[in-house]
Amino acid sequence: ATTGAFAGVANTVEVTVEEDVPRLFTSLFLAGTVPISGRAVAQVSQQQPACILALHKNKNRAAQFTGSSNVILENCSVHSNSVADESFYQDGSSNVDMPCASAAGGSNHTSGLKLKECRAPIEYAEPIEDPYKDLPEPPASLMAAACQPNNNFGGAAGSSYVITKGRYCGGLSISREVLMQPGLYIIDGGSVDIGSQAIVNGTGVTLYLTNNASLKINAGAEVIWSAPTTVNDISDGYEGILLFVDRDNITQEYVFNGNAATKFNGAIYASSGEIKYAGSNTTGGGGCTQIVASTVEVYGDAGIGTDCTGMPQIGIKTDQLVRIVE
């Protein structure tokens, strides 16, 4: 814009339309035409960071908030690529606080949805490309590595374990306290099953689920996971990635419950899977959590933050918005 309140402001466009129109009533006593003009200024808003992206192209409720969930999304929005009538859905018993929501299709929501930066979910928006479509699978040497000798960590109350990266065949069962050393954990078949009494901590870890491996974190478990933040021999090239589900896995649910102390810091990526997310810290904790999956359902108390300064490779942006400001 070159004039008005937004003169010189970046990302603005000023349009002035002028036309000389014939006189009507005044032509009885005046000659000539009448100049008429109109002016408007539009501003292109900066893209919104998104922390939840549902990739499914046509499923109803591809991104949904259900049950008695109490959800706070800090500085991050939600987008669904589905063109269905209820692409984005939020039901009446949930309370959801976020900057904005958008969908390639329609939306259905109630007064429990509180949006800070848009008046209502943005409908019929452009789909967002899968940000991890080029993420490579682990190299063949790691996929064929010898299986770890133990994948069951239970025992009497008070038992604790330290486990290392590697290939865990037939799943990973945890019901007591486990410290996961940094690195890539390949879960080849079976299930990652974290019991309700478990305490699991892992910094600099990535889980790769293959051979139709599944994951379930039970309510009550305390799980604090953080993805690698640098490229080194420990991260195996998966900096920023907390969970990577094999694209060839069957369509199934991956369940993230937990308790008030639970935090997931990094990207949860399941392009073929259905993420069910609940039971984590409701403040978001200032962390960096991102969910990219075929469908995403948040159904319990949950907090998600996008302070991803330590993980610059993590990031999804929703489409830019054009607003009339003058």
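- In the model, Glu297 has no side-chain atom that pairs as donor or acceptor with a side-chain atom of Tyr89 under 3.5 Å.
- A distance of 4.5 Å separates CD1 in Ile52 from CD1 in Ile291, rounded to the nearest 0.5 Å.
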Next item on the list: For Ile275 and Phe256, run side chain to side chain contact (heavy atoms under 4.5 Å, CB included): C-alpha distance rounded to whole Å, both residues' side-chain angles, the deciding distance at 0.1 Å, then the answer.
Entry: CA-CA 8 Å; Ile275 296 295; Phe256 289 77; 4.0 Å; yes
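- Nearest heavy atoms, Pro138 versus Tyr238: N-OH, 3.0 Å.
- The distance from atom CG of Asn81 to atom CD of Glu129, rounded to the nearest 0.5 Å, is 10.0 Å.
- Here the rule is side-chain contact (heavy atoms from CB on, under 4.5 Å) with Cys100, and of Val78, Ile122, Leu73 only Ile122 fits it.
- A donor-acceptor contact closer than 3.5 angstrom links the side chains of Arg39 and Thr3.
- Side chains of Thr295 and His56: a donor-acceptor N/O pair is absent below 3.5 angstrom, by distance only.
- In this structure, CD1 in Ile217 is found 13.5 Å from OH in Tyr254, a value given to the nearest 0.5 Å.
- A donor atom on one side chain and an acceptor atom on the other are found under 3.5 Å apart for Glu123 and Ser107.
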Item checked: Trace of the salt bridge (charged side-chain N to carboxylate O under 4.0 Å, His left out) decision for Lys59 with Glu86 -> CA-CA 8 Å; Lys59 188 171 184 178; Glu86 290 187 346; over 6 Å; no
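- Judged by distance alone, the side chains of Asn218 and Ser196 never bring a donor and an acceptor atom under 3.5 Å apart.
- Expressed to the nearest 0.5 Å, how far NE2 of His109 lies from CG of Asp91 amounts to 13.0 Å.
- Rounded to the nearest 0.5 Å, atoms CD1 (Ile241) and CG (Leu243) are 9.5 Å apart.
- Summarising the geometry of Ser271 relative to Ser294, their closest heavy-atom pair is O-CB, 3.5 Å, with the distance given to 0.1 Å.
- The two atoms that bring Ile128 and Leu55 nearest to each other are O-CD2, 4.5 Å, heavy atoms only.
- A donor-acceptor pair shorter than 3.5 Å cannot be found between the side chains of Gln43 and Asn11.
- Side-chain contact between Tyr185 and Arg167 is absent, with no heavy-atom pair separated by less than 4.5 Å.
- With no hydrogens or angles considered, a side-chain donor-acceptor pair links Asn211 and Asp188 at under 3.5 Å.
- In the hydrophobic clustering (ILVMFWY side chains linked at under 4.5 Å, chained through shared members), Val255 is joined by Tyr299.
- With no hydrogens or angles considered, no side-chain donor-acceptor pair links Asn150 and Tyr161 at under 3.5 Å.
- Ala103 and Gly106 get closest at one heavy-atom pair: CB-O, 4.0 Å.
- Considering OG of Ser191 and CD of Gln252, their distance stands at 8.0 Å, rounded to 0.5 Å.
- Glu222 and Thr262 share no donor-acceptor pair across their side chains, judged by distance under 3.5 Å alone.
- Applying the salt bridge (charged side-chain N to carboxylate O under 4.0 Å, His left out) test to pairs two or more places apart or on separate chains, none has a residue in residues 189-218.
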